[in-house]
Amino acid sequence: MGLFGKSFEEKVHGAIETLRGQFPMAQIAADVADEIVTLKGHAPDVNIKGQIMAAFNKLIETKNTINQIAIDKPVAAPAAATPAAAAAPAAVPAAAAGPKIHEVVSGETLS
């Protein structure tokens with residue numbers, strides 16, 4: 001404990017504990033170096049990642065906060081289960097279409 005209360009690192013770890021309670025679906029940790037905080041862990045999506053950062057910034061003032069929270073990979077739905085995938089036409093691979101060749105003749109320009 002510092003002379004005038006909690007140290008900066010103790011305040012950061014207290015804020016992390018608060019965030020863990022607010023965002024139980026995420027794993028949150030922090031590294032502290034000279035009032036620069038690096039948030040680490042995992043969040044289910046980018047929206048939650050942003051909410052964690054915003055909530056942390058409301059709880060504690062830092063020189064800089066770096067958000068290195070990774071996004072969990074979403075589970076892909078089966079192709080048949082998504083109507084958009086079933087309705088979308090099959091894309092023709094560029095290699096299968098072959099190169100388009102144009103022979104430039106006298107009088108043609110590039111524009």
Side-chain angles (χ1 to χ4, degrees):
M1 182 184 252
L3 183 61
F4 299 104
K6 292 182 178 180
S7 70
F8 180 76
E9 192 165 333
E10 289 173 324
K11 290 177 185 178
V12 168
H13 290 296
I16 294 299
E17 288 303 317
T18 299
L19 292 175
R20 286 178 181 153
Q22 291 177 351
F23 302 95
M25 71 296 282
Q27 296 175 353
I28 310 166
D31 290 336
V32 181
D34 191 35
E35 294 192 24
I36 297 173
V37 178
T38 303
L39 297 177
K40 296 183 175 189
H42 295 274
D45 59 47
V46 72
N47 186 34
I48 299 296
K49 177 181 176 174
Q51 289 177 16
I52 291 168
M53 181 75 165
F56 179 81
N57 286 333
K58 285 181 183 179
L59 293 172
I60 189 164
E61 186 175 330
T62 67
K63 286 183 182 177
N64 192 8
T65 304
I66 302 165
N67 191 344
Q68 290 185 346
I69 297 173
I71 303 300
D72 295 333
K73 292 184 181 181
V75 177
T82 58
V92 176
K100 184 175 180 180
I101 299 173
H102 175 77
E103 187 175 322
V104 178
V105 295
S106 178
E108 288 185 332
T109 65
L110 294 176
S111 59

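All heavy atoms count here, side chains included; hydrogens, waters and symmetry mates do not. When a residue number appears, it is its place in the shown sequence, counting from 1.
- Annotation: salt bridge (charged side-chain N to carboxylate O under 4.0 Å, His left out) contacts involving residues 21-37, sequence neighbours excluded, comprise Asp31-Lys40, Asp34-Lys63.
- When all heavy atoms are compared, the tightest approach of Ala43 to Ala26 is CA-CB, 4.1 Å.
- Applying the 4.5 Å side-chain rule to ILVMFWY residues, one finds Phe8, Val12, Ile16, Leu19, Phe23, Met25, Ile28, Val32, Leu39, Ile48, Ile52, Met53, Phe56, Leu59, Ile60, Ile69 in the same cluster as Val37.
- Applying the 4.5 Å side-chain rule to ILVMFWY residues, one finds that Val105 remains a lone member of its cluster.
- Scored by the side-chain contact (heavy atoms from CB on, under 4.5 Å) test, Ala29 finds Arg20 as partners (sequence neighbours excluded).
- Listed by first and then second residue, the salt bridge (charged side-chain N to carboxylate O under 4.0 Å, His left out) pairs involving residues 46-56 amount to none (not counting sequence neighbours).
- Remark: Glu61 engages no residue in a side-chain hydrogen bond (donor to acceptor under 3.5 Å, both in side chains) (not counting sequence neighbours).
- A search for side-chain contact (heavy atoms from CB on, under 4.5 Å) contacts involving His13 returns Glu9, not counting sequence neighbours.
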